[in-house]
Amino acid sequence: AQSVTQLDSHVSVSEGTPVLLRCNYSSSYSPSLFWYVQHPNKGLQLLLKYTSAATLVKGINGFEAEFKKSETSFHLTKPSAHMSDAAEYFCVVSDPAGYNKLIFGAGTRLAVHP
Amino acid sequence: GAVVSQHPSWVICKSGTSVKIECRSLDFQATTMFWYRQFPKQSLMLMATSNEGSKATYEQGVEKDKFLINHASLTLSTLTVTSAHPEDSSFYICSAGLAGGSTGELFFGEGSRLTVL
């Protein structure tokens, strides 16, 4: 069965410092992995996706993630945090049981302090 | 980009009543939409897959008679919580993907917060 584990429920950084949100996955096949962001009162938005192409994936707003099969990880990073990055972030894996069926991690709440 | 809209964004109802939540794809057609439930400070749990013109496919443990899903057109899916009880209070979210789009690349509604008194 496919699953994702987000290792931190809360991450707090100062504005301008790097962001690291950790995600490990479990999959019996080569997975498709995603990071989605949820801002308050807004719908979830796709940040980036990995679908077996380049292992380093660049997304929107300066975020990127690296797929590491040996570590079964897909950590999300950003060199310099901005106040507007404060949100809930979800690591997601596709479920082969159905097209566009997604399995969400528990989420990581990112706080950015001035 | 593609836009998915939900209505209402929040609703309060009395126990025993039914509540309908709409999910619309505003600028694209969606043969398939997804309904999720999100408890406070928890992740999204897929409830069902809504298929235009056919019956919804429910995930294990989701009561079909409690959560009625109708997908009557290519731009509208509705979720009706029947005989709502306080334990049904939650944040309900829908999503849809573009036909022929990359798998997993979904567009989400803003969510509908249901409070049952």
Side-chain angles (χ1 to χ4, degrees), chain A residues 1-10 21 23 25 27 29-53 57 59-60 65 67 74 87-111, chain B residues 1-10 21 23-28 30-52 56-60 62 77 91-113:
Chain A
Q2 284 63 239
S3 66
V4 287
T5 301
Q6 293 184 242
L7 301 174
D8 308 291
S9 58
H10 291 83
L21 304 183
C23 172
Y25 70 91
S27 178
Y29 69 108
S30 181
S32 293
L33 292 160
F34 312 83
W35 276 97
Y36 276 86
V37 60
Q38 184 181 33
H39 288 275
N41 301 317
K42 291 189 177 181
L44 277 79
Q45 180 184 22
L46 179 66
L47 275 180
L48 49 81
K49 61 181 178 181
Y50 166 76
T51 54
S52 75
V57 182
I60 62 173
F67 175 75
F74 190 57
E88 187 86 19
Y89 291 80
F90 293 97
C91 183
V92 181
V93 65
S94 59
D95 186 343
Y99 180 71
N100 273 338
K101 286 189 69 175
L102 301 178
I103 299 170
F104 286 77
T108 298
R109 182 164 295 277
L110 175 66
Chain B
V3 178
V4 174
S5 179
Q6 284 183 241
H7 178 81
S9 55
W10 60 270
I21 301 170
C23 177
R24 294 182 183 273
S25 55
L26 297 186
D27 50 2
F28 68 102
T31 55
T32 302
M33 291 183 173
F34 301 89
W35 286 96
Y36 309 82
R37 185 172 180 177
Q38 185 180 28
F39 290 102
K41 299 184 180 180
Q42 293 189 30
S43 188
L44 280 73
M45 298 298 295
L46 180 65
M47 299 174 64
T49 302
S50 172
N51 304 297
E52 188 270 334
T57 304
Y58 290 81
E59 295 300 302
Q60 190 173 8
V62 178
S77 175
F91 196 53
Y92 294 89
I93 302 172
C94 71
S95 73
L98 295 173
S102 298
T103 184
E105 191 168 344
L106 300 179
F107 300 92
F108 286 77
E110 313 93 327
S112 300
R113 186 166 302 283

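In what follows, every chain begins at residue 1, and chains take the letters A, B, ... in the order their sequences are listed.
For a residue to count as touching a neighbouring chain, one of its non-hydrogen atoms must lie under 4.5 Å from one of that chain's; by this rule A:K49 touches chain B with the side chain only. The contact between B:L44 and chain A is made by backbone and side chain atoms together, counting heavy-atom distances below 4.5 Å. When heavy atoms are compared at a cutoff of 4.5 Å, A:Q38 approaches chain B solely by way of its side chain, counted from C-beta outward. Heavy-atom distances place the side chain of B:F91, and not its backbone, under 4.5 Å from chain A. Proximity to chain A is absent for every atom of B:Q6, based on heavy atoms less than 4.5 angstrom apart. The parts of B:E105 that come within reach of chain A are both its backbone and its side chain, each placing non-hydrogen atoms under 4.5 angstrom from that chain.
B:H7 NE2: 12 or fewer foreign heavy atoms inside a 6.0 Å radius.
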### Criterion side-chain contact (heavy atoms from CB on, under 4.5 Å) on A:K101 and B:T57, from CA distance to verdict
CA-CA 11 Å; A:K101 286 189 69 175; B:T57 304; over 6 Å; no
### Audit row: A:N100, B:T32, side-chain contact (heavy atoms from CB on, under 4.5 Å) steps and yes/no
CA-CA 9 Å; A:N100 273 338; B:T32 302; over 6 Å; no
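Inter-residue side-chain proximity for B:Q38 and A:L44 is flagged as unmet; no heavy-atom pair is nearer than 4.5 Å.
Heavy-atom minimum distance, A:F104 versus B:S43: CB-OG, 3.0 Å.
Rounding to the nearest 0.5 angstrom, the gap separating the CZ atom in A:F34 from the CG atom in B:L106 is 7.5 Å. In this structure, CG in A:L102 is found 7.0 Å from CZ in B:F34, a value given to the nearest 0.5 Å.
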